[in-house]
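Encoded as structure tokens, the structure appears first; notes follow it.
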Amino acid sequence: QKEVEQDPGPLSVPEGAIVSLNCTYSNSAFQYFMWYRQYSRKGPELLMYTYSSGNKEDGRFTAQVDKSSKYISLFIRDSQPSDSATYLCAMSPTDSWGKLQFGAGTQVVVTP
Amino acid sequence: EAEVAQSPRYKITEKSQAVAFWCDPISGHATLYWYRQILGQGPELLVQFQDESVVDDSQLPKDRFSAERLKGVDSTLKIQPAELGDSAMYLCASAGALNTEAFFGQGTRLTVV
């Protein structure tokens with residue numbers, strides 16, 4: 001069983017809808033939680049990070065971490081066609097933000 | 001805008017041949033990572049450098065893979081001999097410090113035939 005589980009999708013939503021993404025994990029040592037966005041044939045880019053449990057908001061994006069349930073979420077409000085990409089959750093047990101355990105990624109398609 | 005440079009972007013090689021990938025991190029970034037991303041999966045860490053030293057290579061298949069960062073700046077990842085299962089995207093990332101964002105390059109897509 002993988003340490004980080006993520007539904008690969010694809011997840012198709014109409015423009016303007018809320019996109020809801022999530023990951024579960026098994027390693028209770030994870031302390032840093034991140035969401036990356038990856039466009040086709042490009043490298044991942046960091047969207048948001050959260051330390052330990054709680055919520056964090058940045059514009060149209062909200063990240064939530066529930067360590068008691070080992071469950072993290074990313075919500076995208078007012079989705080746009082430009083949000084179409086693969087979204088990867090990633091986690092680290094240390095403060096080495098580049099030493100990450102990634103989920104498989106969820107492909108999101110926002111249709112106009 | 002500073003970015004991580006990788007070359008080549010695409011590489012096709014025959015199995016049993018040697019292949020090498022190059023990464024030039026963002027200037028001043030001491031920490032460098034190599035990841036492998038198989039199609040449909042998330043990236044998996046292969047090796048981590050701090051300056052010219054290997055910090056973690058526990059997931060690097062050392063019988064065929066090698067990585068170096070001789071002067072603590074650019075880095076090379078080599079595979080010899082390549083196998084069909086090595087077909088993947090090889091991503092390089094760099095960070096200014098351990099607890100700061102790691103920036104990824106665009107990757108080298110390897111196809112082994």
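FYI, side chains are in, hydrogens and waters are out, and symmetry mates aren't considered; it's all heavy atoms of this structure.
- Remark: B:I38 CD1 is packed, more than 12 non-hydrogen atoms of other residues, nucleotides or ligands lying under 6.0 Å away.
- A:E45 CD to B:F104 CZ: the interatomic distance, rounded to the nearest 0.5 Å, is 11.5 Å.
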Q: Starting from the C-alpha separation in whole Å, work towards a yes-or-no answer on side-chain contact (heavy atoms from CB on, under 4.5 Å) for A:L100 and B:Y35.
A: CA-CA 10 Å; A:L100 298 165; B:Y35 279 84; 3.6 Å; yes
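- A 6.0 Å sphere centred on CZ of A:R77 holds more than 12 heavy atoms belonging to other residues, nucleotides or ligands.
- Separation of atoms CD (B:E101) and OH (A:Y36) is listed at 6.0 Å; rounding is to 0.5 Å.
- Around the NZ atom of A:K56, the shell of radius 6.0 Å holds more than 12 heavy atoms that belong to other residues, nucleotides or ligands.
- With a threshold of 4.5 angstrom between heavy atoms, B:Y10 approaches chain A through side-chain atoms but not through N, CA, C or O.
- Residue B:E44: no heavy atom, backbone or side chain, is found under 4.5 Å from chain A.
- Within a 6.0 Å radius of NZ in B:K71, no more than 12 heavy atoms belonging to other residues, nucleotides or ligands are found.
- Heavy-atom pairs under 4.5 Å with chain A peak, among B:G107, B:A95, B:G40, B:P43, at B:P43.
- Under the 4.5 Å side-chain heavy-atom criterion for grouping Ile, Leu, Val, Met, Phe, Trp and Tyr, B:M89 is connected to B:L45 within one hydrophobic cluster.
- Summarising the local packing, CZ of A:F75 is surrounded by more than 12 heavy atoms from other residues, nucleotides or ligands at distances under 6.0 Å.
- With respect to chain A, the highest number of heavy-atom pairs below 4.5 Å among B:Q6, B:Q41, B:R109 belongs to B:Q41.
- To the nearest 0.5 Å, the span separating CD on B:Q106 from NZ on A:K42 amounts to 4.0 Å.
- Looking at A:L88, only its side chain comes within 4.5 Å of chain B, counting heavy atoms on both sides.
- In this structure, the separation between NZ on A:K99 and OG1 on B:T31 is 11.5 Å, given to the nearest 0.5 Å.
- Ranking B:D56, B:L32, B:V4, B:V55 against chain A, the residue ahead of the rest is B:D56, based on heavy-atom pairs under 4.5 Å.
- For chain B, the nearby parts of A:P44 are the backbone and the side chain; heavy atoms of each come within less than 4.5 Å.
- Surrounding CG of B:L84 are more than 12 heavy atoms belonging to other residues, nucleotides or ligands, all under 6.0 Å away.
- In this structure, no portion of A:Q101 lies under 4.5 Å from any heavy atom of chain B.
- Atom CD of B:Q59 has 12 or fewer heavy atoms from other residues, nucleotides or ligands within 6.0 Å.
- No chain of hydrophobic side-chain contacts below 4.5 Å, direct or via other Ile, Leu, Val, Met, Phe, Trp or Tyr residues, connects B:L46 to A:F102.
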